[in-house]
Amino acid sequence: MSFRVFLRRYATKHDLSKVRNIGIIAHIDAGKTTTTERMLYYSGKINRIGDVDQGDTITDYLPQERSRGITIQSAAISFNWKKDFKINLIDTPGHADFTFEVIRSLKVLDGCVAILDSVAGVEAQTEKVWKQSTGLPKICFLNKMDRVGAGFSRTVKELVVKMNIRALLINTPIFTVDPVTKESKFNGVLDLIYGKQLIWDTNDPDKISVTDIDEEHEGYEDLVKGREALVETLGETDETIIDRFFNDANGEYLNVSPEALNKSIRQATLSLSATPVLCGASFRNIGVQPLLDAIVNYLPSPSEARPPELNHKELSITQNPKTGLVLNKNPNLCVALAFKVITDAIRGTMIFIRVYSGVLRSNHTVYNTTTGVKFKIGKLVIMHANIPEEGNELYPGDIGVLTGSNVSDNIRTGDTLVTHVTKKDGLRSFDKKKELTLKINPIEIPPPVFNAAIEPKTLGNKKPMEDALNQLTREDPSLVVTQDEETGQTLLSGMGELHLDIARDRLLNELNAQVDVGRVIVSYKEALNFTSKEKTVETDDGYRLTAVIEPLDEESRANPAANEEWYTLANDNNYMIMEQHSQYDQDKNWPFQVPYVAIVNSLLPSCLVALQRGGKIGGFPLASCVVRIKNDWEVPIDATSISPLLSISRQLLTNILIEEDQSNYSVLEPIMNVDVNVQQQDMGPVIQDLSSARKANILSIDDENNVSTNESNIKFQQVADEMWLPKDSTMEFAKLGKEGQATKMVRAQAPLKEMVAYNNKIRSITQGRGSFNMYYHGMQPVTHDRVKSVLADYHH
Ligand SMILES: Nc1nc2c(ncn2[C@@H]2O[C@H](COP(=O)(O)OP(=O)(O)OP(=O)(O)O)[C@@H](O)[C@H]2O)c(=O)[nH]1
C-alpha cells in the first residue's frame, strides 16, 4: 500500500485531533476517583455511579483499593465525550508511597487535570505532583465546593502564588441560601464563556437547569467582571483576542465570542502560559460535564503534545496533524513505550504501552530496543479499567495492552518497542544506527526507603516466594528485592510503610505466598568519605581490571566521565551509568569476540552485587559512589564468554571495600520532607515535638498571608492580588480548619527513622486536628551522635 493510500484510510478511521490522553493528579482524597467515576457515567460508559466509600468504583478495582478506599495503582480507561472525542484517562494514586505510579503515568500522558479539595486548598502532594508534571498542559478542578469551609477564590489565589500560574476562570461557583436555615448551599456554576448559569439537581444526576444570564440576573456583574478578567489575561500573550475585542466585539467584553475565547484559552493552555480553572463537587455530581468539555476544548491532542525525550538527541522529530509524531523523518516507524506490567489471574501478563508514532498491529513483529529481542506480538487490547476490549491496531496517542505468551517474557516497564507501520516484518528496512537503537528515556524510579525481611515458611515455599516476589517487582519496579549473600536473607524494599504493607497483603492474599514478613525498618546505606585505594586484578589467562571507588559528589555527578582514562559506573541508589569506551568505535573497530554492550551490561550488575555486600559500619549497601574502571582493562581477544570478567570485577570491588578502613565509611539515612498542617493552638507542641524528639529541621511556617518566600512567588502574589475573583461565599480568605481555626503549614526535614508512626503521634498531640504529608528528600549522613541508635534500631 502506498503511503498516500495509507494516509487516506488512516485519516478517515482515526482523527487524531479528537483524541485526549490525560491523567488525573492530586493530593490524597481530593476526589480523583469520585470525579473519574462521574466522568464515566456522563460519558455513557457506565449507567450507575459507584462510590469510593462503598468500594464499588470502576477504577479502584483491586481488593486492597476497595477495602481501603484509596487508589493504589493507576487505572487506564477510555471513553467518548460528545460522541466523536476519545478520552484515554489514567486515574493516578494520591498517596506519596505510590509516587512511581504517578511518575510512570505522567510519562505517557499529554495533559492532566489537577483536582484540589477547595477546603484544604493547595496541599503538599498537590505541589509535588504539579512539579512532577512540569511541561504538561493542565486544567485545575476545584472539587468539594459543597463542603463547609470551601473557598474557591482562596484556593485560586493559593494556586497562582504557589504554582506560579496565570489562572483563567472558566466558571465560578453559585450558592443558594436556604430560606429556612439561612445556610448557603453550593448547587451550580456560572459559565463565564457562554454566559450561562448551570444548576444541578442533586437528587437526579442527569438534571441540569441552564439559564442565560442577562442584566436581570444576580450573577450578571460577576459575568462581566469574569469576562473582562479572561480577555485581559489572555490578551497578555495573544494579540488576536485583543483584535477580536476591539474589532468584532466593539470593546464589549461580553461580545467576544465563546469560539474566540476557547481558541485563545486552548492556545494559552498548550503553550503553558495559563491554566484554566473550573469548580464543582463531584460527589454531588456538580460541575463534571463542564470539566469534560474543558478537557476536549483545552488539553492537547497527541499531535499537539510534547514529544517524548529520546536517547538520540539529534534525531528529527516532527508532528503531522493527521498521523501524529514522525521520528527520523520516517512515517513508517512505529515507536511505543511499555510503561506498566500487570499480571492478571485470567489474562496473564498484560503490558500497557503508549504508541507515539506509526501504527501497531496485532500481526506485527516488534523489536525491543532496550533488550535487543525481536518477537511477534499477539493480542492488542484496550482497557476499560479491568475490562478489556480487543482491537487490531493502536494509533499514535493510543494507550493499549499487549498480552499473550510472546510478550510476557520479552517486555518490562520502561522498554521501547519499534516496528514498521506497513510491513509485517519491516525491521530489515530500518535505519539500523538510529531507529533500531532508539530509546525513549527511561522512567526514573525513586529509591526505596523502607525494608522488610521476607522468609519462606518452609524450604518448599522458597521457589513460590521467589516467583511471587518476581511478579510483584515486575509490576511495581519501585519495590526492590535484594538478597544478602552472606546470611541468605531476602529483603523487600519500598517507598513507605503503606507501600510495604500493601505488598505484604498482596503476597499473602493474592499471590498465596507462604511467607513470613518481618517488621518494616528504615533502609540505610553506607558511603565512602574519600576515594578508595586503587586496586588491580590480573589473571594468567589474560584478564586485567583496575578500579577505584569514589564518593559521588557534586563534581562527579555533573561530570561523571571526568577522566578519559577511566570508565565510570555511578551508583546513586540504583542509578548507574557507564561511559562509552573511548578507544574504540563500538560498531567498527571493536576487536573483541564479546560485544561491547555485553561487557557493559554485565559489568554493571556484577559491580552492584559487590556494592550490595555493604560497608564496614553496619553492613549496609554502598550508595552514592562512583566506580571507576581504568580503560587499560584486558579481555582475551578470542574470549567468547564474559563470565570470568564478572567474577573478577565482583572480587575486585569486594577487596577494595574490605581493605578500606572503617573510618572511611559513613552511614546514610533517608531524610524526608514533612509538611504538617496544624491549627494555631497546636503549633507549639507540634514544633517542639518535631525539633526535639524527631530531630527535624524546621524550614518554614506558612499561612495564607505568608506564602511568598521566593522572588517568583512574590511576583505571582502580585498577580493574585490584582486578579478579579468572586467573593468567597462561605468565608473570607482565612483558611479554616475543622473547628473554624486558621491553619498553618509547618515545613520540615527529618530523618525517616524518627518519623516512623508519626501518624499516631500527630493525632495525639493535636487531638486529631492535625494532618501531615511526607515524601522523600534524599540520603544524608547520619550525625555522629545518632549512629549508635541507628545501629541498635536496625539490629533490634
Ligand atoms: N463532600 C464531598 N466529598 C467528596 C467530593 N468528592 C469526593 N469526596 C469524598 O472524598 C473522599 C475521597 O474521594 P476519592 O475520590 O477516593 O479521592 P481520591 O483523590 O481518588 O483518593 P486517592 O486516590 O486515594 O488519593 C471520599 O470519601 C469521597 O466520597 C465532593 O465533591 N464533595
Side-chain angles (χ1 to χ4, degrees), residues 97 447-455 479-501 503-504 515-530 551 573-574 611-625 654 657-658 660-674 688-698 748-765 772 774-796:
D97 280 15
V449 291
F450 275 113
N451 296 334
I454 299 215
E455 262 180 68
L479 283 171
V480 178
V481 174
T482 46
Q483 192 103 35
D484 187 319
E485 282 203 349
E486 275 158 39
T487 61
Q489 191 184 43
T490 304
L491 281 185
L492 180 66
S493 314
M495 304 292 298
E497 289 168 285
L498 180 64
H499 193 201
L500 284 180
D501 193 29
R504 180 180 160 275
V515 292
D516 288 320
V517 182
R519 77 190 168 104
V520 170
I521 35 180
V522 173
S523 159
Y524 296 101
K525 302 269 192 271
E526 276 181 61
L528 286 183
N529 303 328
F530 307 101
N573 299 315
N574 300 328
L611 297 175
Q612 278 294 339
R613 293 176 68 106
K616 276 198 162 166
I617 303 181
F620 304 125
L622 263 277
S624 292
C625 59
T654 308
L657 290 175
I658 289 174
E660 283 308 302
D661 195 76
Q662 188 178 342
S663 62
N664 193 18
Y665 286 89
S666 45
V667 176
L668 302 180
E669 65 178 337
I671 301 292
M672 308 304 281
N673 285 312
V674 186
Q688 163 73 19
D689 172 69
L690 277 173
S691 49
S692 58
R694 324 248 146 237
K695 317 278 186 265
N697 188 5
I698 308 286
Q749 276 173 0
L752 177 60
K753 170 180 179 288
E754 314 299 341
M755 295 304 294
V756 172
Y758 187 60
N759 216 352
N760 300 340
K761 186 74 189 170
I762 185 88
R763 244 187 261 145
S764 78
I765 308 182
F772 79 106
M774 187 161 81
Y775 48 98
Y776 179 72
H777 170 69
M779 298 296 284
Q780 275 179 16
V782 176
T783 49
H784 198 65
D785 54 316
R786 291 181 54 252
V787 173
K788 256 195 188 152
S789 87
V790 161
L791 291 178
D793 171 59
Y794 192 84
H795 296 294
H796 166 66

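The minimum heavy-atom distance linking Tyr776 with Asn673 is given by the pair O-ND2, 4.0 Å. Summarising the geometry of Ala452 relative to Gly518, their closest heavy-atom pair is CB-O, 3.8 Å, with the distance given to 0.1 Å. Shown here for Gly494 and Leu500, the closest heavy-atom pair between the two residues is N-CD2, 3.8 Å. Scanning both residues, Ser666 and Ile617, for their nearest heavy atoms gives CA-CD1, 3.8 Å. For the residue pair Ala527 and Ala623, the shortest heavy atom distance occurs at CB-O, 3.8 Å. Here the closest non-hydrogen pair linking Gly614 and Leu622 is C-CD2, 3.7 Å.
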**Request:** Show the numbers, then the answer: is there a side chain to side chain contact (heavy atoms under 4.5 Å, CB included) between Leu498 and Phe450?
**Result:** CA-CA 10 Å; Leu498 180 64; Phe450 275 113; over 6 Å; no
**Request:** Kindly determine whether Leu657 and Tyr665 satisfy side chain to side chain contact (heavy atoms under 4.5 Å, CB included), including the steps that lead there.
**Result:** CA-CA 10 Å; Leu657 290 175; Tyr665 286 89; 3.5 Å; yes
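Distance check: Glu669 CD to Met779 CE gives 8.0 Å after rounding to the nearest 0.5 Å. Distance check: Lys695 NZ to Leu690 CG gives 12.0 Å after rounding to the nearest 0.5 Å. To the nearest 0.5 Å, atoms NZ (Lys525) and CG (Leu611) are separated by 11.0 Å.
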Name each donor-acceptor pair under 3.5 Å that joins a side chain in residues 750-760 to protein atoms two or more places apart or in another chain, with its distance.
from   : atom 1 : to     : atom 2 : distance (Å)
Glu754 : OE2    : Arg786 : NE     : 3.2
Glu754 : OE2    : Arg786 : NH2    : 2.8

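Within 6.0 Å of the CZ atom in Arg504, the count of heavy atoms belonging to other residues, nucleotides or ligands does not exceed 12. Dense packing is recorded around CD of Gln749, with more than 12 heavy atoms of other residues, nucleotides or ligands lying under 6.0 Å away.
Between the side chain of Gln612 and the backbone N or O of Gln483 there is no donor-acceptor pair closer than 3.5 Å. At least one donor-acceptor pair closer than 3.5 Å links the side chain of Glu526 to the backbone N or O of Lys616. Without hydrogens or angle criteria, Asn451 side chain to Leu491 main chain gives no donor-acceptor distance under 3.5 Å. A donor-acceptor pair is defined here as one N or O able to donate and one able to accept, closer than 3.5 Å; such a pair exists between the side chain of Asn529 and the backbone of Ser663.
With sequence neighbours left out, Glu497 forms a salt bridge (Lys or Arg N to Asp or Glu O under 4.0 Å) with no residue at all.
With a 4.5 Å cut-off on side-chain heavy atoms, Pro621 and Thr482 do not count as touching.
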